Amino acid sequence: MTVILREARIVDIFRLQEIERAAAELFRDSDLIDIDTMAVIPMADHITSVETGISYVAEVDGRIAGFVMGEMHADVAYLRELDVDPAYQRRGIGAT
């Protein structure tokens, strides 16, 4: 398996939201989050992260398998979200 890391693009955002929803399903029966009322990261926030250059995707065989998204506070970048599609989990993609 070859993992390619690249900057996210605006056209990737719907896939990133899809991955976020799928990854959250792993917590359905936990007390951590309420999946039924959960909202994915808004499109505008993704656009800001992409335009700022702090959103990256991991591709496996040309398909986005996961992503990491940053958020700026003053001049410091923080990790906001890291998700891996359940179909690609436990392969080290989130650790790459």
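Predicted model only: the values in this text are computed from it and were never measured.
In summary, Arg15 and Glu18 engage in a salt bridge, as defined by a charged side-chain N under 4.0 Å from a carboxylate O. Checked for salt-bridge contact, Glu20 and Arg80 miss the test: no charged N lies under 4.0 Å from a carboxylate O.
Judged by distance alone, with hydrogens and angles left aside, the side-chain atoms of Thr48 form a donor-acceptor pair with the main-chain N or O of Ala44 at under 3.5 Å. A donor-acceptor distance shorter than 3.5 angstrom exists from the side chain of Gln17 to the backbone of Ile41, with no hydrogens or angles considered. A donor-acceptor pair is defined here as one N or O able to donate and one able to accept, closer than 3.5 Å; no such pair exists between the side chain of Glu59 and the backbone of Ile4. Side-chain atoms of Ser55 never come within 3.5 Å of backbone atoms of Met69 as a donor-acceptor pair (strictly under, hydrogens ignored).
Separation of atoms CZ (Arg63) and OH (Tyr88) is listed at 5.5 Å; rounding is to 0.5 Å. Atom CZ of residue Phe67 and atom CD1 of residue Ile93 lie 13.5 Å apart, to the nearest 0.5 angstrom. To the nearest 0.5 Å, atom CD1 of residue Ile64 and atom CG of residue Asp83 are 12.5 Å apart.
Inter-residue side-chain proximity for Leu26 and Gln89 is flagged as met; some heavy-atom pair is nearer than 4.5 Å.
Val84 and Ala23 make their closest contact through O-CB, 3.7 Å (heavy atoms, listed as atom of the first residue, atom of the second, distance). Residues Val50 and Ala8 come closest through the heavy atom pair CG1-O, 3.4 Å. Across all their heavy atoms, Ala65 and Ile19 have their closest contact at C-CD1, 4.0 Å.
When the side chains of ILVMFWY residues are joined at heavy-atom separations under 4.5 Å, either directly or via intervening members, Met43 and Ile10 end up in a single hydrophobic cluster. Tracing side-chain contacts under 4.5 Å through hydrophobic residues (I, L, V, M, F, W, Y), one reaches Leu5 starting from Val60; they form part of the same cluster. Tracing side-chain contacts under 4.5 Å through hydrophobic residues (I, L, V, M, F, W, Y), one reaches Tyr56 starting from Leu79; they form part of the same cluster. Following chains of ILVMFWY side-chain contacts shorter than 4.5 Å, one cannot reach Ile47 starting from Leu16, and the two form parts of different hydrophobic clusters.
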- [ ] Start with the C-alpha distance between Arg6 and Asp12, add both sets of side-chain angles, then the distance that settles side-chain contact (heavy atoms from CB on, under 4.5 Å), and finish with yes or no.
- [x] CA-CA 11 Å; Arg6 66 164 174 82; Asp12 299 328; 2.8 Å; yes
